[in-house]
Amino acid sequence: MEFRNFAIIAHVDHGKTTLVDAMFKQSGLFRSNQQMESCAMDYNALERERGITILAKCTSFIWNHIKLNIVDTPGHADFGGEVERILSMVDGVLLLVDASEGPMPQTKFVLTKALALNLNPIVVINKVDKSDARISEVIDEVFDLFVALGANETQLDFPILYASGRNGWAVRHMDDEHQDLTPLLQTIVQHVPHPEIDENAPFQMLVTMLDYDQYLGRVLTGKILRGNAKINDPVHAINPISGAVERARLTKLLSFEGLKRIPVESASCGDIVAIAGLEVATVADTISSVEVTTPLKSLPIDPPTLSMLFSINDSPLGGQDGKKLTSRMIWERLEKEAEGNISISIKIPHLP
Ligand code: GDP
């Protein structure tokens, strides 16, 4: 199977979720009698609450026999090298810009990193149906932003699509007939290169994301850079700094399908997959066949920059309101968060 791995860079509310939902629908991922979970990408409860997308996730669909893996990027500055790590999995980016608001400063950070990694963006001017759309000005603003961020000639020659994600169409020229998202999907397939693959080498995957699933436990996501993965194969995880190795059998190999992760028997080089069942392996580790002894090149995880001490509240008003009042409950909540969040580490302090 062919793959295209790309990321979407968008300011909050510029219509990323709606557009991804429309792509899913048009690829036939959701059958007409199936209730579609709306808001494809920001399903995390915390994100919904805050209205921002802070976790990077992978979603996927098949169009014209090609598997498109979409990686979500944080819509703002970085958490510990996360943006670079995520962008290292993709071969292209879609910059989605609201036709009336134009590019927003918050997307600059991620866009700068994408340009520096030599990714060639596709620009989607979205919500062109809005009455206050100012399309040509917004294109000029995007161009100026690319120049200011040091884009090269190829990057400045970006393809532009005009879209109304909510109405499910995109066009290459404003006066083209509004049909569906085919022009956008075609542009992605043409403009985003196929991942570089080395199918004959032993299996090697670089872990890029970590999350915690209540049924599967620790879930490690990354791109297969070399070889193919097969269920039940013996594997090990190599830490790039300590060299420490965790051995396991590949019992839970998951592929992305829409918003879900589904168990598969095998996965090919170039695909983005998730592996569960390892207990200590983490982001930046290499999961590979046991014959591989050198880890893949990876970015180190930045240490946390802020520390916080949790202690007993001895104020006279302590314990008078709130629900989670005991330190055990706070400890459990923190431990759970740290299990799926590499930027948190918990220590018991040695107090005098
Ligand atoms: P996200 O934060 O980028 O994921 O944005 P959403 O997809 O949640 O969309 C934000 C808002 O813009 C919602 O109220 C959508 O209904 C609206 N919206 C999304 N796409 C379009 C569009 O093509 N045209 C118009 N007019 N509104 C849209």
Side-chain angles (χ1 to χ4, degrees), residues 6-27 29-30 35-61 68-77 79 82-83 86-87 90 93-111 114 121-139 141-142 145 160-185 187-188 256 258-259:
F6 65 98
I8 302 188
I9 304 177
H11 181 64
V12 62
D13 271 353
H14 282 196
K16 173 172 65 184
T17 315
T18 309
L19 182 71
V20 172
D21 280 345
M23 289 197 219
F24 283 177
K25 238 193 252 167
Q26 292 185 19
S27 73
L29 193 64
F30 302 106
Q35 179 66 37
M36 197 179 77
E37 288 170 63
S38 63
C39 287
M41 281 188 140
D42 26 35
Y43 58 88
N44 181 294
L46 181 68
E47 293 178 25
R48 270 196 193 287
E49 198 178 291
R50 295 198 197 149
I52 55 165
T53 309
I54 53 164
L55 287 180
K57 286 170 291 283
C58 183
T59 52
S60 179
F61 63 97
L68 289 96
N69 288 314
I70 311 176
V71 181
D72 194 12
T73 58
H76 54 77
F79 286 135
E82 196 187 13
V83 170
I86 292 160
L87 291 177
V90 302
V93 292
L94 223 66
L95 175 68
L96 188 69
V97 182
D98 182 301
S100 61
E101 285 192 4
M104 302 297 270
Q106 290 88 334
T107 52
K108 257 195 212 167
F109 183 85
V110 185
L111 188 59
I122 297 170
V123 173
V124 180
I125 308 293
N126 193 29
K127 307 196 194 179
V128 290
D129 58 283
K130 274 167 73 170
S131 55
D132 58 350
R134 36 181 203 97
I135 298 163
S136 53
E137 274 170 62
V138 167
I139 293 173
E141 287 169 16
V142 172
L145 178 64
I160 305 173
L161 284 119
Y162 308 91
S164 173
R166 199 164 65 185
N167 295 306
W169 56 262
V171 288
R172 288 198 178 86
H173 307 282
M174 269 310 279
D175 43 12
D176 288 354
E177 200 188 328
H178 304 160
Q179 279 184 322
D180 53 22
L181 291 171
T182 305
L184 173 61
L185 295 166
T187 309
I188 293 169
F256 292 89
L259 304 176

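Whatever order the structure lists them in is the order used to number ligands and atoms, beginning at 1. The residues of the chain are indexed from 1 along the displayed sequence.
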*Sub-4.0 Å atoms of ligand 1 with respect to non-hydrogen atoms of V12*: 2 (O)

*Measure from the side-chain N and O atoms of N126 to the backbone N and O of G165, and report whether any donor-acceptor pair falls under 3.5 Å.*
yes

*Short list, please: which atoms of ligand 1 are under 4.0 Å from a heavy atom of H14?*
3 (O)

*Determine the sole option in V20, I70, N69 for which the side-chain contact (heavy atoms from CB on, under 4.5 Å) test with F61 is passed.*
I70

*Partners of Q26 by side-chain hydrogen bond (donor to acceptor under 3.5 Å, both in side chains), sequence neighbours excluded?*
none

*Please identify which atoms of ligand 1 are closer than 4.0 Å to at least one heavy atom of D129.*
22 (C), 23 (O), 24 (N), 25 (C), 26 (N)

*Which atoms of ligand 1 have any heavy atom of D13 under 4.0 Å away?*
1 (P), 2 (O), 3 (O), 5 (O), 10 (C), 12 (O)

*Do any N or O atoms from the side chain of D176 and from the backbone of H173 form a donor-acceptor pair under 3.5 angstrom?*
yes

_Part of L19 within contact of ligand 1 (heavy atoms, under 4.0 Å)_ = neither

*asked:* Is G165 close enough to touch ligand 1? Criterion: a residue heavy atom under 4.0 Å from a ligand atom.
replied: yes

*asked:* Would G15 count as a polar contact of ligand 1, with the cut-off being nitrogen or oxygen pairs under 3.5 Å?
replied: yes

*Would you tell me which option among H11, K127, K16 has the nearest heavy-atom contact to atom 11 (C) of ligand 1?*
K127

_Short side-chain to backbone donor-acceptor contact, T73 and I8, under 3.5 Å_ = yes

*Answer with side chain, backbone, both or neither: which part of S164 has a heavy atom less than 4.0 angstrom from an atom of ligand 1?*
both

_Using a 4.0 Å heavy-atom cut-off, which part of K130 comes near ligand 1: side chain, backbone, both, or neither?_
side chain

_So, taking the atom named NE2 in H14 and the one named CD1 in I9, what distance separates them when rounded to the nearest 0.5 Å?_
13.5 Å

*asked:* If only side-chain N and O atoms count, and only distance matters, is there a donor-acceptor pair under 3.5 Å linking H11 with E101?
replied: no

